[in-house]
Peer 1: 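Can you keep this structure in mind? I'll have questions shortly.
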Amino acid sequence: MENGFSSPRNDAFPAGLRVLVVDDDPTWLKILEKMLKKCSYEVTTCCLATEALDLLRERKDGYDIVISDVNMPDMDGFKLLEHVGLEMDLPVIMMSVDGETSRVMKGVQHGACDYLLKPIRMKELRNIWQHVFRKRIHEVRDIESFECIEDIQMMRNGSDRYEDGHLLSGGDLTSVRKRKDFENKYDDKDFVDPSTKKVRVVWTVDLHQKFVKAVNQIGFDKVGPKKILDLMNVPWLTRENVASHLQKYRLYLSRLQKENDLKTFGGVKYSDMSQKDFPGSFGRSKPSQYAPK
DNA sequence: TAAGCAATAT
DNA sequence: AATATTGCTT
């Protein structure tokens with residue numbers, strides 16, 4: 001039912017994935033290169049973040065994904081991450097020996113799609129193509145939905161239960177109501193296409209990353225749903241969607257913050273939140289034991 | 001008017 | 001469980 005799996009010419013897809021590896025430690029560089037090649041990826045390595053940035057700028061479309069160490073002499077891995085996110089929108093995986101929550105948090109906040117802890121094994125690398133794949137799926141979805149924006153907006157405003165003329169007074173409910181003529185793709189029989197029903201936004205990793213990117217671009221203290229929405233440039237999103245997500249995001253961050261404070265001793269607790277703790281539910285693997293307040 | 005927050009609804 | 005909506009406050 002979903003597309004994506006039916007990619008026709010992408011039979012060999014995961015193979016040949018173009019990976020750029022950045023690490024100042026030549027040993028790790030070698031190891032990673034070897035492992036990645038074993039996964040039949042196409043590997044480029046470099047030991048400087050600035051060098052990586054040059055490579056990426058040189059051929060904007062020459063790589064599919066970046067794996068970067070966090071600690072590097074010439075440039076902070078986070079800085080690199082930031083540049084990549086802003087300039088070419090590639091998935092970036094961060095890696096580090098340091099699994100401290102605040103660092104992981106920083107990586108996440110800056111838009112890393114994954115955060116791997118060294119030592120890294122094949123196990124972790126075999127599946128990294130998923131980030132590229134996910135991105136492609138959603139690019140397709142974005143384009144598709146672009147044609148339907150108006151219809152979606154129609155539905156949003158039309159099927160509201162505020163028909164009784166209460167909320168409609170605010171004349172800024174866009175020009176949706178005006179256009180009833182052109183775009184004769186569908187007849188105006190008021191048959192709301194059932195395939196586009198509930199329109200609940202699902203915050204995929206990609207969408208979330210876009211969100212995070214926007215937040216960082218604005219600055220953490222100045223953010224508001226409106227600004228984020230504008231920066232994200234995702235046509236079908238509403239301000240309310242973003243507001244809701246922002247609210248959740250903040251809760252999530254403060255939760256991490258708390259855990260981070262409470263920690264510091266104990267043992268080596270959990271060590272990574274790379275995969276699981278992220279997608280729709282950034283965080284919370286245990287039940288809800290947090291003060292409802 | 002935009003935003004945040006918490007409760008509550010879907 | 002995740003997201004939407006609402007009502008109240010700033």
Peer 1: Taking atom C1' of dA9(B) as reference, at what distance in whole Å does atom CZ of Arg200(A) sit?
Peer 2: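 Value for this atom pair: 10 Å.
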Peer 1: Who are the side chain to side chain contact (heavy atoms under 4.5 Å, CB included) partners of Glu51(A), not counting sequence neighbours?
Peer 2: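 Listed in chain order: Cys46(A), Cys47(A), Leu48(A).
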Peer 1: Rounded off to whole Å, could you give me the OH-to-C1' distance for the Tyr249(A) and dT3(C) pair?
Peer 2: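 Result: 18 Å.
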Peer 1: Using a 3.5 Å cut-off and no angle test, enumerate the donor-acceptor pairs between side-chain atoms of residues 218-232 of chain A and protein atoms at least two apart in sequence or in another chain.
Peer 2:
from      : atom 1 : to        : atom 2 : distance (Å)
Lys227(A) : NZ     : Lys222(A) : O      : 2.8

Peer 1: Tell me whether the OP1 or OP2 atom of dA4(C) has a side-chain N or O from Asn241(A) closer than 4.0 Å.
Peer 2: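 So the side-chain polar atoms of Asn241(A) do come within 4.0 Å of the phosphate oxygens OP1 or OP2 of dA4(C), strictly under.
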Peer 1: For Arg18(A), give me all partners under side chain to side chain contact (heavy atoms under 4.5 Å, CB included), at least two apart in sequence or on another chain.
Peer 2: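 Per chain and number, Arg18(A) pairs via side chain to side chain contact (heavy atoms under 4.5 Å, CB included) with Glu42(A), Asp64(A).
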Peer 1: What does the list of N/O pairs under 3.5 Å between the protein and nucleotides 3-5 of chain B look like, with a distance for each?
Peer 2:
from   : atom 1 : to        : atom 2 : distance (Å)
dA3(B) : OP2    : Lys226(A) : N      : 3.4
dA3(B) : OP2    : Arg239(A) : NH1    : 3.3
dG4(B) : OP1    : Val223(A) : O      : 3.3
dG4(B) : OP1    : Arg250(A) : NH1    : 2.8
dG4(B) : OP1    : Arg250(A) : NH2    : 2.8

Peer 1: Roughly how many Å is it from CD in Glu240(A) to P in dA2(B), rounded to a whole number?
Peer 2: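 Rounded to the whole Å, the gap is 10 Å.
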Peer 1: Tyr41(A): what forms a ring-ring contact (aromatic ring centres under 6.0 Å, His included) with it, not counting sequence neighbours?
Peer 2: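 Residues passing ring-ring contact (aromatic ring centres under 6.0 Å, His included) with Tyr41(A): none at all.
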Peer 1: Give the rounded distance in Å between these two atoms: NZ of Lys248(A) and P of dA1(C).
Peer 2: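 Lys248(A) atom NZ is separated from dA1(C) atom P by 12 Å.
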Peer 1: Measure up the His245(A) and His208(A) rings against each other and bin them: parallel (under 30°), tilted (30 to 60°), perpendicular (over 60°).
Peer 2: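 Taking His208(A) first and then His245(A), their aromatic rings stand perpendicular (interplane angle over 60°).
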Peer 1: Could you name each residue pair satisfying salt bridge (Lys or Arg N to Asp or Glu O under 4.0 Å) that touches residues 118-129 of chain A, not counting sequence neighbours?
Peer 2: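 For residues 118-129 of chain A: Asp23(A)-Lys118(A), Asp69(A)-Lys118(A).
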